[in-house]
Amino acid sequence: MTEYFGIYGCANENNDPMYIGSSRLDLQQIEWNHRNWKKNGWYETKFRKALATEGKNWKFFWIEERRRISRRQCEIEEGALIRWIKPTWNIDKYPFEHSVKEGRMDAV
């Protein structure tokens, strides 16, 4: 199924890549979710912890603007960017495989 998904990044003040993710949300919602995860009862990640402690001035931006694409294809592209750019706080280098393992989608 295709929806509108995009790939976003977060960089520090020196434009060093801190994190890459994908979402169908708009950029403001993505940033709010990462910065306010406790308010929603979501889990802490190493990226969210770093964002809270040292990332006050970190900026969120689109790497690939939202477009009509399957979640599967978006996560495959996201993983390729993570492995190529090597952001500091991306622990999972294969988001598609992680989604399959977590039951969010079927394997190819």
Side-chain angles (χ1 to χ4, degrees):
M1 182 169 112
T2 59
E3 295 181 61
Y4 285 86
F5 283 95
I7 301 171
Y8 64 91
C10 182
N12 68 11
E13 300 85 351
N14 298 321
N15 285 325
D16 298 322
M18 296 288 106
Y19 188 78
I20 292 175
S22 63
S23 181
R24 56 185 163 192
L25 300 176
D26 66 47
L27 205 52
Q28 292 76 24
Q29 288 174 300
I30 294 167
E31 182 170 359
W32 193 92
N33 287 346
H34 279 297
R35 291 190 185 275
N36 299 285
W37 59 272
K38 286 182 186 179
K39 292 180 183 178
N40 292 312
W42 296 334
Y43 59 92
E44 179 181 75
T45 64
K46 291 182 179 186
F47 168 65
R48 289 175 178 166
K49 186 174 183 177
L51 189 62
T53 59
E54 59 189 85
K56 179 181 175 186
N57 295 318
W58 294 1
K59 303 291 184 206
F60 285 76
F61 57 92
W62 287 117
I63 296 171
E64 289 284 337
E65 298 239 3
R66 289 183 298 171
R67 65 194 194 280
R68 195 162 176 81
I69 188 173
S70 69
R71 180 176 182 167
R72 172 181 289 136
Q73 184 61 38
C74 188
E75 288 190 3
I76 290 168
E77 292 176 15
E78 174 193 354
L81 284 167
I82 290 168
R83 292 186 302 277
W84 180 52
I85 296 172
K86 298 178 178 68
T88 303
W89 295 108
N90 278 92
I91 305 304
D92 188 355
K93 309 290 189 235
Y94 296 88
F96 169 71
E97 287 83 351
H98 185 82
S99 286
V100 169
K101 182 179 177 183
E102 294 294 316
R104 291 190 296 261
M105 71 177 80
D106 296 326
V108 177

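One-based numbering along the sequence shown. Computed from a predicted structure; not experimentally measured.
Other residues, nucleotides and ligands contribute more than 12 heavy atoms inside 6.0 Å of the NZ atom of Lys93.
Here the side chains of Cys10 and Phe47 are in contact, with some heavy-atom distance below 4.5 Å. Between Glu77 and Phe5, every side-chain heavy-atom pair lies at or beyond the 4.5 Å cut-off. Side-chain atoms of Trp58 and His34, non-hydrogen and from C-beta on, never get closer than 4.5 Å to each other. Trp62 places a side-chain heavy atom less than 4.5 Å from the side chain of Ile30. Between Glu97 and Asp92, every side-chain heavy-atom pair lies at or beyond the 4.5 Å cut-off.
Pro95 and Glu75 get closest at one heavy-atom pair: O-OE1, 3.1 Å. Minimum interatomic distance between Gly21 and Glu78 (heavy atoms only, all atoms of both residues): CA-OE2, 3.3 Å.
Figure legend: Arg48 and Tyr43 shown as a cation-pi pair, the cationic atom lying under 6.0 angstrom from the six-membered ring centre and within 45 degrees of its axis.
Hydrophobic clustering (ILVMFWY, side-chain heavy atoms < 4.5 Å, transitive): Ile20 and Met18 are in distinct clusters. Under a hydrophobic-cluster definition in which Ile, Leu, Val, Met, Phe, Trp and Tyr are linked whenever side-chain heavy atoms come within less than 4.5 Å, directly or via other members, Leu25 and Tyr8 are assigned to the same cluster. Residues Phe60 and Trp89 fall within the same hydrophobic cluster, defined by Ile, Leu, Val, Met, Phe, Trp and Tyr side chains chained together at heavy-atom separations under 4.5 Å. Under the 4.5 Å side-chain heavy-atom criterion for ILVMFWY residues, no single connected hydrophobic cluster contains both Phe96 and Ile69.
For the atom pair CZ of Arg67 and CD of Glu3, the computed distance is 13.5 Å after rounding to the nearest 0.5 Å. Annotation: the span from Arg24 atom CZ to Cys74 atom SG amounts to 11.0 Å, rounded to 0.5 Å. Here the straight-line distance linking atom CD of Glu31 with atom NZ of Lys59 works out to 7.5 Å at 0.5 Å rounding. Rounding to the nearest 0.5 angstrom, the gap separating the OG1 atom in Thr45 from the CH2 atom in Trp37 is 8.0 Å. Rounding to the nearest 0.5 Å gives a distance of 9.5 Å between CD1 of Ile91 and OH of Tyr19.
In this structure, Asp26 contributes its side chain and Gln28 its backbone to a donor-acceptor pair below 3.5 Å. With hydrogens and angles ignored, the 3.5 Å screen pairs no side-chain donor or acceptor of Asp16 with any backbone N or O of Asn12. With hydrogens and angles disregarded, no donor-acceptor distance shorter than 3.5 Å links the side chain of Gln73 to the backbone of Ser70. Side-chain atoms of Asn57 do not come within 3.5 Å of backbone N or O of Glu13 as any donor-acceptor pair.
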Checklist entry - Going through the checks in order, is the side-chain contact (heavy atoms from CB on, under 4.5 Å) test met by Tyr94 and Lys101? => result CA-CA 11 Å; Tyr94 296 88; Lys101 182 179 177 183; over 6 Å; no
